Number of protein chains: 4
Amino acid sequence: MSPLNRQQQLDQIRDERREQIKQAALKMFACRGYTGTKTSMIAKEASISEGLIYRYFNSKEELFITLVQELMEEARSELENVGFLPGTPFEQIRTLTINILDEDNIHAFMLMERARKADDVPEKVTQIFEGVSTNVLIEPIIPIFVKGQQSGEFSPGEPRRILSWYFTIINSLLTQEEMDEEYGLPDVDVLMRILTK
Amino acid sequence: MSPLNRQQQLDQIRDERREQIKQAALKMFACRGYTGTKTSMIAKEASISEGLIYRYFNSKEELFITLVQELMEEARSELENVGFLPGTPFEQIRTLTINILDEDNIHAFMLMERARKADDVPEKVTQIFEGVSTNVLIEPIIPIFVKGQQSGEFSPGEPRRILSWYFTIINSLLTQEEMDEEYGLPDVDVLMRILTK
Amino acid sequence: MSPLNRQQQLDQIRDERREQIKQAALKMFACRGYTGTKTSMIAKEASISEGLIYRYFNSKEELFITLVQELMEEARSELENVGFLPGTPFEQIRTLTINILDEDNIHAFMLMERARKADDVPEKVTQIFEGVSTNVLIEPIIPIFVKGQQSGEFSPGEPRRILSWYFTIINSLLTQEEMDEEYGLPDVDVLMRILTK
Amino acid sequence: MSPLNRQQQLDQIRDERREQIKQAALKMFACRGYTGTKTSMIAKEASISEGLIYRYFNSKEELFITLVQELMEEARSELENVGFLPGTPFEQIRTLTINILDEDNIHAFMLMERARKADDVPEKVTQIFEGVSTNVLIEPIIPIFVKGQQSGEFSPGEPRRILSWYFTIINSLLTQEEMDEEYGLPDVDVLMRILTK
DNA sequence: CATGAATGAGATTTCATTCAT
DNA sequence: TATGAATGAAATCTCATTCAT
């Protein structure tokens, strides 16, 4: 094997390990919060030794911040792409909603919820959310919503306000695991009625 | 001072202290979660020494459990009394909603939310919520809602399901502090529309 | 009531209280050792408030030391008086043995045992026992024992050594509560045989 | 190093550490009792950090209970093996006595004494001693003693009673450190006379 | 790179002592 | 004098992080 390939292989292992740790941390932080998650739990969830975390992240804090930042970036990216989805404004936002409700996202959303609302997170995370409030995330959706209002697909009213509530509600539904057992998540089209009616 | 008065006075001091500690703990647990709240913070918030907490509660865990149980009891009691409020079913549930949205309740609701959803709480708290699910709490409201449906005040549909979503949404709105700054909580009557359609 | 009597009365109350505390402390220290006894237990045993102990003793340590010193003094006094008891040397030591085996002494003996053997006692107590070793206590008995040897009542052998073992054994029997249930303490005359052979 | 060896090596380290902690704890508990022994002392005696104790034992209490149980088991085992020692009943019990008087056992005996007599020990330890009283330990020796009585090696009398006293006395002598300085422990053969005479 | 034993700073809890009443 | 609520120093215990292997 050439030295180059050797290096590539190592890099790949590193990337995989890093991802593995992040996934485990995401799950644990989502379920137990920042202080409630012990590094030993993350290691166990990731099936690695406790010490190994520190070869990929300088500290529990850095791991948490990294997660929040990356999830934030993903969310931002997802929202910015809505305008490029096919279909009418209604169909674009409907697709976005479906994507968000995907259960693979559940831990990500729970983590973000907690990170934003809880006071027991690193200073820097608080700052991230101060700088980038929910409303900033909503920003790229506003013109789309307005277009839908003009075409009559959406009900009239202050766009930012309506969208803010809409995402708040989706968020809260996502993190209400308990509901699943009885009724599951509400149908997408029921939710869309919040915007149309 | 007579011995009787002396004893009464001591009892009163104990009651006040206990209440003081519970209030401080409620606030801290609500904002920072169970593991994120250090006993030193509770003591500081209550302006007492750390040791004193332990003359009133055997442990941080017991303090937390006590809070959850008492809040649960209050909630149950509040919901059971709705039927005895004056007015039509619509007015009764409207009054309940106003009571819930009262900002004095904010910490109580946040604490309950976290206690129910987080995995970093004492075993016993998990059990409390397993035994008494949200649906049990909703139970006493159902007949009232049905009466409202019959009189045409409320929209048709499966009562338990509609009410479950209704309270989920109220819950989530209450715990979204961030919104306050921009738009505050939605008006009661806007929320009631979820039930009336 | 005259001022003098008033004063006397107060003094008497003080003495009684002090005695009450000492008795309670003796029992607790005997059963649970120095560090194992909490001042709150002593207070409870004496049926007084926790704070009151400190109006009679400056500290738990002082209370303990006082007890040890007084018990030591009593023991010394008891042993010094043996020579003035009526009867032959055998009868004198027999009477002493009966007095020691009195069950009212059990706590006193247990306390002394622990105070002497345990390392978790105040420095000063250790010093007391260094200064006044068991052998010093035995000293006044030696001439009596020797007289008994000369008269043939006791078996020959080095007096200090024989007496040292004798008291060690009595001590140990006294503190073996468990035995009571099955066989009680050995009969005085059985014990005396250790000396007579 | 092969993975197998690596695992063996780690196991060995764990065993050694555990033993090291138990030895240190044994010494401290023996000298200072349960409450009188601080975990910091155990750590210092074992030359490890305080925290490490808790990777091997869940609590100071568990450490203490473990020690008592294991010592109890050893004692039981030792006593049960007496019948298989070579020689006559007299020689068997003589060998047992020598083994007990071994100064390596001193801490073990002191710890057991304290654990049995003191009231400041964990509940569970009290239960252990309730379940397995001294007499139960003596049980396997009784037939041996009876055989010795029949052969005339031992003096007549109720075996359980005589043996109970015998071990009580040996116990007490073992824990009388003070004696060492002056006369040391009595000779085995002197002690055996308690049984023969 | 990977492990997990070990550390030590910090959290929870206890309890001798003080102090307002 | 007597009480018991309150304190704070010290004990027990936890866990993020380091380090020898």
Side-chain angles (χ1 to χ4, degrees), chain A residues 9-10 13-14 17 35 37-43 47-63, chain B residues 1 3 5-7 9-14 16-18 35-43 47-63, chain C residues 9-10 13-14 17 35 37-43 47-63, chain D residues 1 3 5-7 9-14 16-18 35-43 47-63:
Chain A
Q9 194 190 22
L10 285 179
I13 287 177
R14 274 198 73 82
R17 273 276 182 280
T35 44
T37 298
K38 300 169 201 341
T39 51
S40 59
M41 293 173 179
I42 298 173
S47 307
I48 56 166
S49 69
E50 293 185 40
L52 195 56
I53 292 171
Y54 292 86
R55 290 187 64 77
Y56 293 90
F57 299 92
N58 288 319
S59 63
K60 175 180 164 181
E61 179 173 333
E62 190 196 278
L63 171 52
Chain B
M1 188 181 292
N5 283 349
R6 173 70 181 147
Q7 188 51 47
Q9 193 190 19
L10 285 178
D11 283 354
Q12 196 193 336
I13 286 175
R14 279 195 73 82
E16 280 171 15
R17 265 304 159 276
R18 208 182 145 90
T35 42
T37 298
K38 311 301 171 194
T39 50
S40 58
M41 295 171 181
I42 298 173
S47 307
I48 55 168
S49 68
E50 262 185 90
L52 194 57
I53 292 171
Y54 294 88
R55 277 182 65 81
Y56 293 88
F57 299 92
N58 288 321
S59 62
K60 175 180 160 181
E61 179 173 332
E62 192 197 276
L63 171 52
Chain C
Q9 195 190 20
L10 284 180
I13 287 176
R14 272 198 76 81
R17 272 276 181 280
T35 43
T37 298
K38 301 169 202 339
T39 52
S40 59
M41 294 173 178
I42 298 173
S47 308
I48 57 166
S49 69
E50 294 186 39
L52 195 57
I53 291 170
Y54 293 86
R55 290 188 65 76
Y56 293 90
F57 299 91
N58 288 320
S59 65
K60 175 180 163 180
E61 180 172 332
E62 191 197 279
L63 171 53
Chain D
M1 187 181 292
N5 283 350
R6 172 71 181 144
Q7 188 52 48
Q9 192 189 22
L10 285 177
D11 284 354
Q12 196 193 336
I13 286 175
R14 280 196 72 82
E16 279 171 15
R17 266 299 161 278
R18 209 181 144 89
T35 43
T37 298
K38 311 302 172 194
T39 51
S40 57
M41 295 170 181
I42 298 173
S47 308
I48 55 166
S49 67
E50 261 186 89
L52 194 58
I53 293 171
Y54 294 89
R55 277 181 65 81
Y56 293 88
F57 299 91
N58 288 321
S59 62
K60 175 180 159 181
E61 179 173 333
E62 193 196 276
L63 171 52

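To find a chain, count down the sequence lines: A is the first, B the second, and so on, and within it residues start at 1. Only a predicted model underlies this, so the values are computations on that prediction, with no experimental measurement involved.
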Between F/dA11 and D/T39, is there an OP1 or OP2 to side-chain N/O distance shorter than 4.0 Å? no

Between F/dT7 atom P and B/I48 atom CD1, what is the distance in whole Å? 7 Å

Over all strands shown, is A/T37 touching base, sugar-phosphate only, or nothing at heavy-atom distances under 4.0 angstrom? sugar-phosphate

In Å, rounded to the nearest 0.5 Å, how long is the span from CZ of B/R14 to CD of B/Q9? 14.0 Å

Interatomic distance, D/I53 CD1 vs F/dC13 C1' [rounded to whole Å]: 10 Å

What is the minimum heavy-atom distance between A/T37 and A/K60, and which atoms define it? O-NZ, 2.8 Å

Spacing of B/I13 atom CD1 relative to F/dA6 atom P, expressed in whole Å: 6 Å

In Watson-Crick or G-U wobble terms, with both distances under 3.5 Å, the base opposite E/dG8 is F/dC15

Quick check: on DNA chain F, is the nucleotide nearest D/K60 upstream (toward 5') of the one nearest B/L52, or the reverse? Name the residue that is more 5'. B/L52

Taking the side chain of D/K38 as heavy atoms from C-beta outward, which of F/dA16, F/dT3, F/dT12 is closest to it? F/dT12

Judged by atom type as modelled, is there a donor-acceptor pair below 3.5 Å linking the side chain of A/K38 to the main-chain atoms of A/T35? no

In whole angstrom, what separates B/E61's CD from E/dT12's C1'? 12 Å

Could you state the atom-to-atom distance from CD of A/E50 to P of F/dT21 in whole Å? 19 Å

Compare every heavy atom of A/E62 with every heavy atom of A/F57, then report the nearest pair and how far apart it is. CA-OE2, 3.6 Å

Looking only at side-chain N and O atoms, does B/Y56 come under 4.0 Å of OP1 or OP2 in F/dA6? yes

Please determine whether a side-chain nitrogen or oxygen atom of D/R14 lies at a distance below 4.0 Å from atom OP1 or OP2 of E/dA5. yes

Between P on E/dT14 and CG on B/N58, what's the gap in Å once rounded to a whole number? 8 Å

Any heavy-atom pair between the side chains of A/L63 and A/I42 that's under 4.5 Å? yes

Just how far, in rounded Å, is P of E/dA11 from CD1 of B/I42? 13 Å

On DNA chain E, nearest-nucleotide positions of C/S40 versus D/S49: which is more 5'? D/S49

Considering every strand shown, what is the Watson-Crick or G-U wobble mate of F/dA2 when both distances are under 3.5 Å? E/dT21

Between P on E/dA9 and OH on D/Y54, what's the gap in Å once rounded to a whole number? 17 Å

D/R17 vs E/dA6: side-chain N/O to OP1/OP2 distance below 4.0 Å: yes

If you find the nucleotide of DNA chain F closest to B/R55 and the one closest to D/G51, which residue's nucleotide is nearer the 5' end? B/R55

